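The structure appears right after this line, and notes come after that.
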2 protein chains.
Amino acid sequence: MPTEPLAKRPGGRSARVQAAVYQALTDLAGERDVTRLTIPAVAERAGVNPTTIYRRWGTLQALLAEVAVARGTDAPPSSSGDLRTDLEAYAVRTLADLTRPGGIAFFRAEVSPDIDERRSGLRECLQRATAGLDMVLEASRGRGETPPPAERLLDQIVAPLYFRVVFSVPDTDEAYARALVADLFSGTWHSAVELH
Amino acid sequence: MPTEPLAKRPGGRSARVQAAVYQALTDLAGERDVTRLTIPAVAERAGVNPTTIYRRWGTLQALLAEVAVARGTDAPPSSSGDLRTDLEAYAVRTLADLTRPGGIAFFRAEVSPDIDERRSGLRECLQRATAGLDMVLEASRGRGETPPPAERLLDQIVAPLYFRVVFSVPDTDEAYARALVADLFSGTWHSAVELH
DNA sequence: CAGCTAAAGCAGGTTGATTTGCTTTAGCGA
DNA sequence: TCGCTAAAGCAAATCAACCTGCTTTAGCTG
């Protein structure tokens, strides 16, 4: 698990290289044929020597994972004071996250070949997803409400979004994301079964 | 209908090779590091020349896709006469499908690098998923009921299962699969539907 | 059972990613 | 500013997947 902002020499060059590589990776990940998403290719586009990438990140998976984390950290979720509104915003944001160019490539990277890599990568990914959600729920609880458990929301909001994006199901748009939330509210989630 | 065993020369050798390759692929797909899941590796384990695989299937993706289809065709879904029971069986079967060894590898194969490959692969995969579901729904309609639309069931049953399996969420077991169905029945749509 | 031919095997050769030892660059602290 | 050293660059070697032309095997059919 690589250290994100490189403790040793945060100075100009390393930072520049990192930025260039991140950018190059993001660009390439958005392109059609992700088969061409390879370390030498990233290096070339970044104007950097392949060796550098090999030595600093070792594998494409690792690099992708790192960048995935980095792109996740720019979402500023603010509470509106209303659970439903917050959840809708959350759903829409999640969908946007998934559909932005290269989304699948990053997802793929996290569903990594090696089982241990995968576990840790996905755990991280899941935690990021849950974090946004928890914030919303926390706010709700702060208002004295009793929102449904996060687990349930993952199942009913995040899971369908992932599923439909991955499978390219048509009409998976913002309206659909909102509909998912609407569904929750028209239902009786109070009587939720106990998920041991 | 039995298009399975190669139209041209269904005779002994081809069939044997195919069986050996399928088996080898399945074995390897179940192992820890799927990085080692490569054509030469499959060939070696199958006791077959790599060239054979290259010529017959071309790419690992194609082979995986074919085997994925083959392993999907052994599920005999029989209707019990009760929608809920059928759905539970369907959910449990889907979960079993996903969690059986190598499940993730196959899924990964279908979330393929190339966007077109992906679309077609996933379409197929999705169609297989939907097929089982449609059968259940058809049976239900045959009984004069009005079951929820397939789309909704995909969202509320299949999607969470996929999601949780991919993300290794703990406690994603048979009981959970049933709970998903139970949820549906305690939820909204049944108010608009007569359930004997 | 004998010949035809699709499919399997084999031995190269090609391509492209990954590795390695070394040299060069350029932050950073004295 | 100067020297130290982490990190980047470079070149050549390695290694593995994948391809190609050819030979061999073995179902099938007459």
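Note that the structure is a prediction, hence the values are computed from the model and not measured. Quick note on labels: first sequence line is chain A, next is B, and so on, each numbered from 1.
Side chain of A:Asp155 to main chain of B:Pro160: no donor-acceptor pair is present (N/O by atom type, distance under 3.5 Å, no hydrogens or angles). Counting only distance, with no hydrogens or angles, the side chain of A:Thr52 and the backbone of A:Val48 share no donor-acceptor pair below 3.5 Å. At least one donor-acceptor pair under 3.5 Å links the side chain of B:Thr130 to the backbone N or O of B:Leu126.
Applying the side-chain hydrogen bond (donor to acceptor under 3.5 Å, both in side chains) definition to pairs two or more places apart or across chains, those involving residues 135-145 of chain A are A:Glu138-A:Arg141, A:Ser140-A:Glu145, A:Arg143-A:Glu145.
The nearest whole Å value for the distance from the CG atom in B:Leu28 to the P atom in D:dA17 is 12 Å. Atom CG of B:Leu63 and atom C1' of D:dC18 are 15 Å apart (whole Å). Taking atom CZ of residue A:Arg56 and atom P of nucleotide D:dA7, one finds them 8 Å apart after rounding to whole Å. Rounded to whole Å, the distance from CD on A:Gln61 to C1' on C:dA17 is 14 Å. In this structure, the CH2 atom of A:Trp57 is 7 Å from the P atom of D:dA8, given to the nearest Å. Rounding to whole angstrom units, CD1 of residue A:Ile39 and C1' of C:dT19 are separated by 12 Å. To the nearest angstrom, P of D:dT20 lies 18 Å from CD1 of B:Ile53.
End-to-end axis angle for the helix from C:dC1-D:dG30 to C:dA30-D:dT1, using five pairs per end and rounding to 10°, comes out at 30°.
Listed nucleotides D:dA17, C:dT18, D:dG27 differ in distance to B:Arg16; the shortest reach to its side chain belongs to D:dG27.
Applying the side-chain contact (heavy atoms from CB on, under 4.5 Å) criterion to B:Gln23, with sequence neighbours excluded, gives B:Asp27. Every residue meeting the side-chain contact (heavy atoms from CB on, under 4.5 Å) condition with A:Val181, not counting sequence neighbours, appears here in chain and number order: A:Arg84, A:Leu87, A:Glu88, A:Ala91, A:Ile157, A:Phe185. For A:Pro40, the side-chain contact (heavy atoms from CB on, under 4.5 Å) partners two or more places apart in sequence, or in a different chain, are A:Thr38, A:Tyr54.
Close to D:dC19, at under 4.0 Å from its OP1 or OP2, lies no side-chain N or O of B:Tyr54.
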Just the atom pairs and distances: protein N or O near nucleotides 9-11 of chain C's N or O, under 3.5 Å.
residue, atom, partner, partner atom, Å
C:dG9, OP2, B:Asn49, N, 3.0
C:dG9, OP2, B:Thr52, OG1, 2.8
C:dG9, O6, B:Arg55, NH2, 2.5
C:dC10, N4, B:Thr51, OG1, 3.4

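Side-chain contact between B:Val21 and B:Trp57 is present, with heavy atoms from C-beta onward closer than 4.5 Å.
Side chain to side chain, A:Thr51 and A:Asn49 meet the donor-acceptor criterion of an N or O pair below 3.5 Å.
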